[in-house]
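Source: prediction; values computed, not measured.
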Amino acid sequence: MIKHIWIYFTKVKLGTPPKEFNLQIDTGSELTWVSSKSCPSCPRSSRFGIELSHYDVAASSTSKVIPCSDKSCTAITLGDATRCSIDGQYCGYVMKYLDESATSGFYVADTFHFESVSSNSTTLNASAGILFGVSTYRSGMLAETETAVDGIFGFGKQKLSVLSQLYYKGITPRVFSHCLKGGGTGGGVFVLGEVLAPGMVYTPLVPWQPHYSVHLENIVINGKLLPVDPKTFTPSADYATVLDTGTTFSYFVSEAYDLFVGAVNNAVSKFGTPRIIYGFQCYAVSFRLFPLVSLNFAGGASLSLKPEEYLFLSNDGTTWCIGFQKAQGQTILGDLVLKDKIFVYDLVRQRIGWVKYDCSSSVNISVPNDDFFYLKQSSSGSSSRGLLVQLLTVAIVTLFFSV
(Lines give C-alpha, C1' and ligand atoms only; values in the text may rest on other atoms or scores of the structure.)
Protein backbone atom coordinates (compact mmCIF):
# COMPACT_ATOMS: atom_id res chain seq x y z
CA MET A 1 0.00 0.00 0.00
CA ILE A 2 1.14 3.53 -0.73
CA LYS A 3 0.60 6.60 1.33
CA HIS A 4 0.67 9.86 -0.63
CA ILE A 5 2.41 12.91 0.76
CA TRP A 6 2.63 16.11 -1.23
CA ILE A 7 3.78 19.61 -0.42
CA TYR A 8 3.69 22.97 -2.15
CA PHE A 9 6.92 24.91 -2.34
CA THR A 10 8.25 27.99 -4.09
CA LYS A 11 11.65 29.35 -4.99
CA VAL A 12 13.02 32.09 -2.72
CA LYS A 13 16.26 34.04 -3.10
CA LEU A 14 18.20 35.09 0.01
CA GLY A 15 21.54 36.78 0.65
CA THR A 16 24.13 38.69 -1.37
CA PRO A 17 24.83 37.40 -3.91
CA PRO A 18 21.33 35.92 -4.09
CA LYS A 19 21.10 32.17 -3.50
CA GLU A 20 17.99 30.22 -4.41
CA PHE A 21 16.12 28.03 -1.91
CA ASN A 22 13.05 25.81 -2.34
CA LEU A 23 10.80 26.51 0.64
CA GLN A 24 7.51 24.89 1.60
CA ILE A 25 4.72 27.46 1.87
CA ASP A 26 3.17 27.13 5.32
CA THR A 27 0.25 29.30 6.40
CA GLY A 28 0.14 27.37 9.67
CA SER A 29 3.41 28.75 11.07
CA GLU A 30 5.16 32.10 11.16
CA LEU A 31 8.84 31.19 11.19
CA THR A 32 10.74 31.13 7.89
CA TRP A 33 13.90 29.04 8.05
CA VAL A 34 16.49 27.45 5.78
CA SER A 35 19.00 24.67 6.36
CA SER A 36 22.45 25.62 7.58
CA LYS A 37 25.59 24.54 5.76
CA SER A 38 26.76 23.09 9.08
CA CYS A 39 23.57 21.10 9.84
CA PRO A 40 24.45 17.37 10.18
CA SER A 41 20.80 16.21 10.33
CA CYS A 42 19.61 18.24 7.34
CA PRO A 43 18.94 16.16 4.19
CA ARG A 44 21.50 16.34 1.39
CA SER A 45 19.20 14.99 -1.32
CA SER A 46 15.50 14.98 -2.13
CA ARG A 47 13.16 12.61 -3.93
CA PHE A 48 11.52 15.68 -5.44
CA GLY A 49 14.38 15.81 -7.92
CA ILE A 50 15.53 19.25 -6.75
CA GLU A 51 19.03 20.24 -5.75
CA LEU A 52 19.05 21.16 -2.08
CA SER A 53 20.75 24.35 -0.95
CA HIS A 54 22.26 25.21 2.42
CA TYR A 55 22.63 28.68 3.85
CA ASP A 56 26.12 29.89 4.70
CA VAL A 57 26.31 33.04 6.82
CA ALA A 58 29.88 33.73 5.70
CA ALA A 59 28.95 33.52 2.01
CA SER A 60 26.50 36.44 2.14
CA SER A 61 27.88 39.96 2.49
CA THR A 62 24.55 41.22 3.85
CA SER A 63 23.99 38.57 6.53
CA LYS A 64 23.88 39.45 10.20
CA VAL A 65 23.68 36.89 12.98
CA ILE A 66 21.23 38.11 15.63
CA PRO A 67 22.79 38.14 19.13
CA CYS A 68 20.74 37.79 22.29
CA SER A 69 21.33 41.45 23.08
CA ASP A 70 19.60 42.56 19.88
CA LYS A 71 16.11 44.00 20.38
CA SER A 72 14.88 41.73 17.57
CA CYS A 73 15.65 38.73 19.77
CA THR A 74 13.84 40.04 22.81
CA ALA A 75 10.83 41.01 20.68
CA ILE A 76 10.33 37.53 19.22
CA THR A 77 7.34 35.76 20.74
CA LEU A 78 7.46 32.42 18.98
CA GLY A 79 5.31 29.59 20.31
CA ASP A 80 8.38 27.69 21.42
CA ALA A 81 10.85 29.49 23.64
CA THR A 82 13.57 31.59 22.09
CA ARG A 83 16.88 30.29 23.36
CA CYS A 84 20.23 32.01 23.62
CA SER A 85 23.66 30.49 23.27
CA ILE A 86 25.79 30.35 26.41
CA ASP A 87 27.98 33.22 25.24
CA GLY A 88 24.97 35.23 24.04
CA GLN A 89 26.24 35.46 20.49
CA TYR A 90 23.30 33.59 18.96
CA CYS A 91 19.58 34.22 19.35
CA GLY A 92 18.25 30.70 18.90
CA TYR A 93 14.89 29.03 18.40
CA VAL A 94 13.16 25.66 18.66
CA MET A 95 10.12 24.97 16.47
CA LYS A 96 7.90 21.90 16.77
CA TYR A 97 5.19 20.99 14.25
CA LEU A 98 1.93 19.05 14.38
CA ASP A 99 3.48 15.90 12.90
CA GLU A 100 6.07 15.83 15.74
CA SER A 101 8.91 16.96 13.46
CA ALA A 102 11.10 19.77 14.76
CA THR A 103 13.88 22.17 13.89
CA SER A 104 16.21 24.34 15.91
CA GLY A 105 18.85 26.89 15.03
CA PHE A 106 19.57 30.60 15.21
CA TYR A 107 18.22 33.82 13.73
CA VAL A 108 19.87 35.92 11.05
CA ALA A 109 18.89 39.04 9.15
CA ASP A 110 19.60 39.05 5.43
CA THR A 111 18.28 40.26 2.09
CA PHE A 112 15.14 38.74 0.58
CA HIS A 113 14.92 39.19 -3.21
CA PHE A 114 11.65 39.30 -5.12
CA GLU A 115 9.96 41.00 -8.05
CA SER A 116 7.46 43.83 -7.98
CA VAL A 117 4.72 44.73 -10.41
CA SER A 118 3.59 48.36 -10.38
CA SER A 119 0.19 49.70 -11.36
CA ASN A 120 1.45 50.26 -14.91
CA SER A 121 2.48 46.56 -15.17
CA THR A 122 6.21 47.28 -15.02
CA THR A 123 8.22 44.44 -13.47
CA LEU A 124 11.21 45.38 -11.32
CA ASN A 125 13.67 43.51 -9.15
CA ALA A 126 13.35 44.44 -5.49
CA SER A 127 14.73 43.39 -2.13
CA ALA A 128 14.24 43.90 1.60
CA GLY A 129 15.91 42.77 4.78
CA ILE A 130 14.04 40.11 6.72
CA LEU A 131 14.63 38.04 9.84
CA PHE A 132 14.63 34.26 9.42
CA GLY A 133 15.99 31.11 11.01
CA VAL A 134 19.01 29.05 10.03
CA SER A 135 18.42 25.43 10.97
CA THR A 136 21.27 23.50 12.56
CA TYR A 137 19.05 20.53 13.49
CA ARG A 138 16.06 18.80 11.87
CA SER A 139 14.11 15.76 13.10
CA GLY A 140 11.14 13.66 12.07
CA MET A 141 9.76 14.17 8.55
CA LEU A 142 11.91 17.28 8.20
CA ALA A 143 15.03 15.11 8.29
CA GLU A 144 13.85 12.60 5.68
CA THR A 145 14.94 12.74 2.05
CA GLU A 146 11.53 11.66 0.72
CA THR A 147 9.94 15.06 1.40
CA ALA A 148 13.08 17.18 1.68
CA VAL A 149 13.10 20.84 0.68
CA ASP A 150 15.39 23.61 1.88
CA GLY A 151 13.11 24.86 4.63
CA ILE A 152 9.80 26.50 5.48
CA PHE A 153 8.33 29.76 4.20
CA GLY A 154 6.26 30.87 7.19
CA PHE A 155 3.14 32.83 6.24
CA GLY A 156 1.23 32.80 9.51
CA LYS A 157 -0.41 36.02 10.66
CA GLN A 158 1.91 36.81 13.56
CA LYS A 159 4.63 39.47 13.41
CA LEU A 160 7.53 37.13 12.62
CA SER A 161 6.02 35.94 9.32
CA VAL A 162 7.40 37.26 6.04
CA LEU A 163 4.04 38.89 5.28
CA SER A 164 4.09 40.83 8.55
CA GLN A 165 7.73 41.81 8.26
CA LEU A 166 7.27 43.24 4.77
CA TYR A 167 4.04 44.97 5.79
CA TYR A 168 5.62 46.71 8.76
CA LYS A 169 8.39 47.91 6.46
CA GLY A 170 5.72 49.52 4.28
CA ILE A 171 6.45 47.20 1.34
CA THR A 172 3.41 44.93 0.95
CA PRO A 173 -0.28 45.00 1.81
CA ARG A 174 -1.57 42.74 4.57
CA VAL A 175 -3.18 40.38 2.11
CA PHE A 176 -1.93 37.39 0.14
CA SER A 177 -3.49 34.77 -2.10
CA HIS A 178 -2.77 31.30 -3.38
CA CYS A 179 -4.17 28.84 -5.90
CA LEU A 180 -2.72 25.35 -5.45
CA LYS A 181 -3.09 23.14 -8.50
CA GLY A 182 -4.12 19.56 -7.80
CA GLY A 183 -4.14 16.54 -10.08
CA GLY A 184 -0.56 15.45 -9.51
CA THR A 185 1.16 17.79 -11.95
CA GLY A 186 1.75 20.66 -9.55
CA GLY A 187 1.87 24.37 -10.14
CA GLY A 188 -0.28 27.29 -9.14
CA VAL A 189 0.17 30.83 -7.90
CA PHE A 190 1.20 32.52 -4.67
CA VAL A 191 0.82 36.29 -4.57
CA LEU A 192 1.52 39.00 -1.99
CA GLY A 193 -1.69 40.80 -2.90
CA GLU A 194 -5.37 40.10 -3.54
CA VAL A 195 -6.39 37.81 -6.38
CA LEU A 196 -9.78 38.65 -7.88
CA ALA A 197 -12.23 36.12 -9.35
CA PRO A 198 -16.01 36.00 -9.87
CA GLY A 199 -18.01 34.10 -7.29
CA MET A 200 -15.63 34.65 -4.38
CA VAL A 201 -17.26 34.03 -0.99
CA TYR A 202 -15.90 35.25 2.34
CA THR A 203 -16.00 34.27 5.98
CA PRO A 204 -14.66 36.35 8.89
CA LEU A 205 -11.34 35.52 10.50
CA VAL A 206 -11.40 34.82 14.22
CA PRO A 207 -9.19 37.80 15.10
CA TRP A 208 -8.04 36.74 18.55
CA GLN A 209 -6.75 33.32 17.52
CA PRO A 210 -3.08 33.07 16.45
CA HIS A 211 -3.62 31.21 13.16
CA TYR A 212 -5.84 31.73 10.12
CA SER A 213 -8.88 30.53 12.02
CA VAL A 214 -12.50 30.67 10.87
CA HIS A 215 -15.82 29.57 12.31
CA LEU A 216 -16.99 26.30 10.76
CA GLU A 217 -20.68 26.13 11.65
CA ASN A 218 -21.80 22.78 10.25
CA ILE A 219 -21.18 19.95 7.77
CA VAL A 220 -23.69 18.74 5.20
CA ILE A 221 -23.34 15.41 3.37
CA ASN A 222 -25.57 14.72 0.37
CA GLY A 223 -27.91 17.45 1.55
CA LYS A 224 -28.21 16.12 5.10
CA LEU A 225 -26.92 18.07 8.09
CA LEU A 226 -24.57 16.12 10.34
CA PRO A 227 -25.91 16.22 13.93
CA VAL A 228 -22.78 17.76 15.39
CA ASP A 229 -23.33 19.88 18.50
CA PRO A 230 -22.78 23.51 17.32
CA LYS A 231 -20.66 24.10 20.39
CA THR A 232 -18.14 21.63 18.96
CA PHE A 233 -17.16 24.13 16.25
CA THR A 234 -17.47 27.34 18.28
CA PRO A 235 -14.08 29.11 18.39
CA SER A 236 -12.63 29.13 21.88
CA ALA A 237 -9.35 28.99 23.75
CA ASP A 238 -9.47 25.21 23.28
CA TYR A 239 -10.79 24.94 19.72
CA ALA A 240 -10.10 26.41 16.28
CA THR A 241 -10.74 25.67 12.59
CA VAL A 242 -7.46 26.45 10.84
CA LEU A 243 -6.40 26.76 7.19
CA ASP A 244 -2.92 25.28 6.82
CA THR A 245 -1.01 24.83 3.54
CA GLY A 246 1.72 23.09 5.51
CA THR A 247 -0.55 20.08 6.13
CA THR A 248 -1.22 17.54 3.37
CA PHE A 249 -4.47 16.04 4.64
CA SER A 250 -7.27 17.45 6.81
CA TYR A 251 -8.52 16.82 10.34
CA PHE A 252 -11.79 16.96 12.25
CA VAL A 253 -12.21 16.88 16.01
CA SER A 254 -13.41 13.51 17.33
CA GLU A 255 -17.18 14.08 17.40
CA ALA A 256 -17.27 15.60 13.91
CA TYR A 257 -14.86 13.01 12.48
CA ASP A 258 -16.88 10.04 13.74
CA LEU A 259 -20.14 11.43 12.33
CA PHE A 260 -18.47 12.42 9.05
CA VAL A 261 -16.90 9.02 8.45
CA GLY A 262 -20.12 7.31 9.54
CA ALA A 263 -22.17 9.27 7.01
CA VAL A 264 -19.70 8.54 4.21
CA ASN A 265 -19.69 4.88 5.20
CA ASN A 266 -23.50 4.72 5.10
CA ALA A 267 -23.43 6.03 1.54
CA VAL A 268 -20.62 3.80 0.26
CA SER A 269 -20.40 0.60 2.33
CA LYS A 270 -23.15 -1.16 0.36
CA PHE A 271 -20.80 -1.03 -2.63
CA GLY A 272 -17.65 -2.17 -0.83
CA THR A 273 -16.31 -3.13 2.60
CA PRO A 274 -14.29 -0.37 4.28
CA ARG A 275 -10.67 -0.98 5.32
CA ILE A 276 -8.50 1.03 7.68
CA ILE A 277 -5.10 1.65 6.10
CA TYR A 278 -2.55 3.65 8.11
CA GLY A 279 -5.36 5.40 9.97
CA PHE A 280 -7.39 6.25 6.85
CA GLN A 281 -10.77 4.71 6.02
CA CYS A 282 -10.62 3.29 2.47
CA TYR A 283 -12.95 1.67 -0.05
CA ALA A 284 -12.21 -0.28 -3.25
CA VAL A 285 -15.01 1.47 -5.18
CA SER A 286 -15.33 4.27 -7.72
CA PHE A 287 -15.01 7.79 -6.32
CA ARG A 288 -18.28 8.62 -8.11
CA LEU A 289 -20.13 6.60 -5.46
CA PHE A 290 -19.04 8.92 -2.66
CA PRO A 291 -21.34 11.72 -1.45
CA LEU A 292 -20.96 15.46 -1.95
CA VAL A 293 -19.80 17.39 1.12
CA SER A 294 -20.41 21.00 2.10
CA LEU A 295 -18.52 22.80 4.86
CA ASN A 296 -20.55 25.82 5.95
CA PHE A 297 -18.95 28.80 7.64
CA ALA A 298 -19.98 31.98 9.44
CA GLY A 299 -21.20 34.71 7.14
CA GLY A 300 -22.99 32.30 4.83
CA ALA A 301 -19.87 31.06 2.99
CA SER A 302 -19.84 27.42 1.90
CA LEU A 303 -16.98 25.24 0.72
CA SER A 304 -18.39 22.50 -1.51
CA LEU A 305 -16.25 19.38 -1.88
CA LYS A 306 -16.60 16.84 -4.64
CA PRO A 307 -15.43 13.33 -3.69
CA GLU A 308 -12.02 13.83 -5.31
CA GLU A 309 -11.57 16.94 -3.13
CA TYR A 310 -11.66 14.98 0.13
CA LEU A 311 -10.41 11.56 -1.09
CA PHE A 312 -7.04 10.33 -2.26
CA LEU A 313 -6.28 7.32 -4.47
CA SER A 314 -4.05 4.44 -3.38
CA ASN A 315 -1.44 2.86 -5.61
CA ASP A 316 -3.73 0.05 -6.81
CA GLY A 317 -5.73 2.62 -8.74
CA THR A 318 -9.07 1.44 -7.35
CA THR A 319 -8.99 2.08 -3.60
CA TRP A 320 -10.10 5.53 -2.44
CA CYS A 321 -9.34 6.76 1.07
CA ILE A 322 -10.98 9.53 3.07
CA GLY A 323 -8.37 12.27 3.46
CA PHE A 324 -9.57 13.32 6.92
CA GLN A 325 -8.21 12.05 10.19
CA LYS A 326 -9.08 12.60 13.84
CA ALA A 327 -7.45 15.42 15.83
CA GLN A 328 -7.72 16.91 19.27
CA GLY A 329 -8.70 20.52 19.79
CA GLN A 330 -8.86 21.75 16.22
CA THR A 331 -10.16 21.19 12.72
CA ILE A 332 -7.41 21.62 10.13
CA LEU A 333 -8.11 22.17 6.44
CA GLY A 334 -4.98 21.09 4.59
CA ASP A 335 -3.87 20.94 0.97
CA LEU A 336 -6.29 18.16 -0.01
CA VAL A 337 -9.20 20.55 0.63
CA LEU A 338 -7.46 23.81 -0.29
CA LYS A 339 -6.24 22.75 -3.75
CA ASP A 340 -7.92 23.84 -7.01
CA LYS A 341 -9.32 26.98 -5.42
CA ILE A 342 -8.24 30.58 -5.03
CA PHE A 343 -7.87 31.50 -1.37
CA VAL A 344 -7.43 35.11 -0.25
CA TYR A 345 -6.14 35.86 3.25
CA ASP A 346 -7.18 39.45 3.94
CA LEU A 347 -5.88 40.76 7.25
CA VAL A 348 -7.05 44.29 6.46
CA ARG A 349 -10.72 43.30 6.24
CA GLN A 350 -10.18 40.36 8.63
CA ARG A 351 -11.63 37.76 6.28
CA ILE A 352 -10.76 34.74 4.15
CA GLY A 353 -12.28 34.26 0.72
CA TRP A 354 -12.31 31.39 -1.77
CA VAL A 355 -13.67 30.24 -5.09
CA LYS A 356 -13.04 27.15 -7.22
CA TYR A 357 -10.58 27.88 -10.00
CA ASP A 358 -8.32 26.30 -12.61
CA CYS A 359 -4.98 27.00 -10.94
CA SER A 360 -3.08 26.41 -14.19
CA SER A 361 -4.72 29.58 -15.53
CA SER A 362 -3.52 33.14 -15.05
CA VAL A 363 -5.04 35.20 -12.26
CA ASN A 364 -6.12 38.81 -11.98
CA ILE A 365 -4.70 40.82 -9.11
CA SER A 366 -6.07 43.89 -7.39
CA VAL A 367 -3.32 46.50 -7.29
CA PRO A 368 -3.48 49.04 -4.44
CA ASN A 369 -2.29 52.60 -4.85
CA ASP A 370 1.26 51.51 -4.06
CA ASP A 371 3.17 48.79 -5.86
CA PHE A 372 2.64 45.20 -4.75
CA PHE A 373 5.13 42.37 -4.74
CA TYR A 374 5.05 38.71 -5.57
CA LEU A 375 7.22 35.60 -5.68
CA LYS A 376 8.16 34.31 -9.10
CA GLN A 377 9.09 30.80 -10.11
CA SER A 378 12.14 31.56 -12.23
CA SER A 379 12.06 28.23 -14.02
CA SER A 380 8.50 28.66 -15.25
CA GLY A 381 9.33 31.35 -17.77
CA SER A 382 5.94 32.88 -17.14
CA SER A 383 4.91 36.41 -17.92
CA SER A 384 4.02 39.04 -15.36
CA ARG A 385 2.65 41.59 -17.82
CA GLY A 386 -0.96 42.63 -17.43
CA LEU A 387 -0.85 41.73 -13.73
CA LEU A 388 -0.88 38.02 -14.53
CA VAL A 389 1.42 35.68 -12.65
CA GLN A 390 2.48 32.02 -12.61
CA LEU A 391 4.56 31.53 -9.52
CA LEU A 392 4.28 28.37 -7.48
CA THR A 393 6.00 25.02 -7.76
CA VAL A 394 4.44 21.87 -6.31
CA ALA A 395 5.97 18.44 -5.91
CA ILE A 396 4.24 15.19 -5.03
CA VAL A 397 6.13 12.30 -3.52
CA THR A 398 4.79 8.84 -2.81
CA LEU A 399 6.02 7.02 0.28
CA PHE A 400 6.06 3.22 0.39
CA PHE A 401 5.26 1.23 3.52
CA SER A 402 5.30 -2.50 4.09
CA VAL A 403 1.98 -4.00 5.13
Side-chain angles (χ1 to χ4, degrees), residues 4 6 179-184 188 197-203 214-230 232-233 241-245 247-277 279-314 317-327 331-343 352-360:
H4 296 275
W6 61 89
C179 193
L180 311 177
K181 188 177 184 304
M200 188 82 69
V201 296
Y202 297 92
T203 190
V214 291
H215 184 185
L216 174 63
E217 292 185 332
N218 59 67
I219 303 170
V220 173
I221 296 183
N222 267 357
K224 295 183 179 180
L225 181 70
L226 286 188
V228 182
D229 185 342
T232 300
F233 294 134
T241 297
V242 177
L243 280 69
D244 184 6
T245 60
T247 299
T248 297
F249 298 105
S250 295
Y251 298 82
F252 282 136
V253 288
S254 296
E255 180 187 352
Y257 174 83
D258 292 338
L259 290 170
F260 176 80
V261 171
V264 173
N265 188 63
N266 288 339
V268 181
S269 60
K270 57 187 174 183
F271 303 106
T273 303
R275 291 187 295 159
I276 303 299
I277 304 173
F280 295 94
Q281 184 137 324
C282 303
Y283 303 81
V285 300
S286 169
F287 74 90
R288 293 182 177 87
L289 298 174
F290 286 82
L292 298 176
V293 173
S294 179
L295 307 181
N296 301 312
F297 297 84
S302 294
L303 181 60
S304 299
L305 301 177
K306 298 177 182 178
E308 60 268 34
E309 294 175 304
Y310 67 87
L311 302 171
F312 66 96
L313 185 63
S314 72
T318 60
T319 301
W320 288 89
C321 300
I322 299 173
F324 278 84
Q325 290 191 302
K326 190 180 297 187
T331 291
I332 302 174
L333 303 181
D335 295 335
L336 184 67
V337 171
L338 302 179
K339 63 181 173 60
D340 297 319
K341 305 167 189 71
I342 292 172
F343 273 86
I352 289 183
W354 61 83
V355 66
K356 292 190 177 183
Y357 199 78
D358 178 1
C359 296
S360 63

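In this view, Ser254 and Lys326, Gln328 satisfy the side-chain contact (heavy atoms from CB on, under 4.5 Å) rule, not counting sequence neighbours. Legend: residues meeting side-chain contact (heavy atoms from CB on, under 4.5 Å) with Thr247, ordered by chain and number and at least two apart, are Asp244, Tyr251, Ile332. The side-chain hydrogen bond (donor to acceptor under 3.5 Å, both in side chains) check on Ser286 picks up nothing, with sequence neighbours excluded. Remark: Leu336 pairs with Trp6, Phe249, Lys339 by the side-chain contact (heavy atoms from CB on, under 4.5 Å) rule, at least two apart or across chains. Under the rule for a ring pair (Phe, Tyr, Trp, His ring centres under 6.0 Å), Tyr202 has no partner lying at least two apart in sequence or in another chain. Partners of Trp320 under the ring pair (Phe, Tyr, Trp, His ring centres under 6.0 Å) rule, at least two apart in sequence or in another chain, are Phe287. Scanning for salt bridge (Lys or Arg N to Asp or Glu O under 4.0 Å) contacts around Asp358 gives an empty result, with sequence neighbours left out. Scanning for side-chain hydrogen bond (donor to acceptor under 3.5 Å, both in side chains) contacts around Asp340 gives an empty result, with sequence neighbours left out.
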Which pairs of donor and acceptor atoms, one on a side chain in residues 299-309, lie under 3.5 Å apart (sequence neighbours left out)?
from   : atom 1 : to     : atom 2 : distance (Å)
Ser302 : OG     : Asn296 : OD1    : 2.6
Glu309 : OE1    : Lys306 : N      : 2.6
Glu309 : OE1    : Lys356 : NZ     : 3.1
Glu309 : OE2    : Lys341 : NZ     : 3.2

Just distance, no hydrogens or angles: give the donor-acceptor pairs under 3.5 Å from side chains in residues 262-271, sequence neighbours left out.
from   : atom 1 : to     : atom 2 : distance (Å)
Asn265 : OD1    : Tyr283 : OH     : 2.8
Asn266 : ND2    : Gly262 : O      : 3.3
Ser269 : OG     : Asn265 : O      : 2.7

Would Asp258 and Phe252 satisfy side-chain contact (heavy atoms from CB on, under 4.5 Å), going step by step from the backbone distance to the final call? CA-CA 9 Å; Asp258 292 338; Phe252 282 136; over 6 Å; no

side-chain contact (heavy atoms from CB on, under 4.5 Å) between Ile322 and Leu311, worked out: CA-CA 5 Å; Ile322 299 173; Leu311 302 171; 4.0 Å; yes

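At distances below 3.5 Å, not a single donor-acceptor pair connects side-chain atoms of Gln281 with backbone N or O atoms of Val261. Judged by distance alone, the side chain of Thr203 and the main-chain N or O of Ala298 form a donor-acceptor pair under 3.5 Å.
Side-chain atoms of Leu333 and Phe343, non-hydrogen and from C-beta on, never get closer than 4.5 Å to each other. Looking only at side-chain heavy atoms (C-beta outward), Glu217 and Phe233 stay at 4.5 Å or farther from each other. Between Asn218 and Val228 the shortest side-chain heavy-atom distance does not fall below 4.5 Å. With contacts defined as side-chain heavy-atom distances shorter than 4.5 Å, the pair Ile352/Phe297 does not qualify. The closest side-chain heavy-atom distance from Val201 to Trp354 is below 4.5 Å. Taking the side chain as every heavy atom from C-beta outward, Tyr257 and Thr331 never approach each other to under 4.5 Å.
Minimum interatomic distance between Cys179 and Tyr357 (heavy atoms only, all atoms of both residues): SG-CD2, 3.9 Å. Pairing each heavy atom of Ser250 with each of Val337, the nearest pair is OG-CG2, 3.3 Å. Here the closest non-hydrogen pair linking Cys282 and Thr319 is CB-CG2, 3.6 Å.
For the ring-ring contact (aromatic ring centres under 6.0 Å, His included) test with Phe280, the passing option among Phe312, Phe324, Tyr310 is Phe312; the others fail.
Note that the CD1 atom of Ile277 and the OG atom of Ser314 stand 6.5 Å from one another [nearest 0.5 Å].
Annotation: salt bridge (Lys or Arg N to Asp or Glu O under 4.0 Å) contacts involving residues 292-304, sequence neighbours excluded, are absent.
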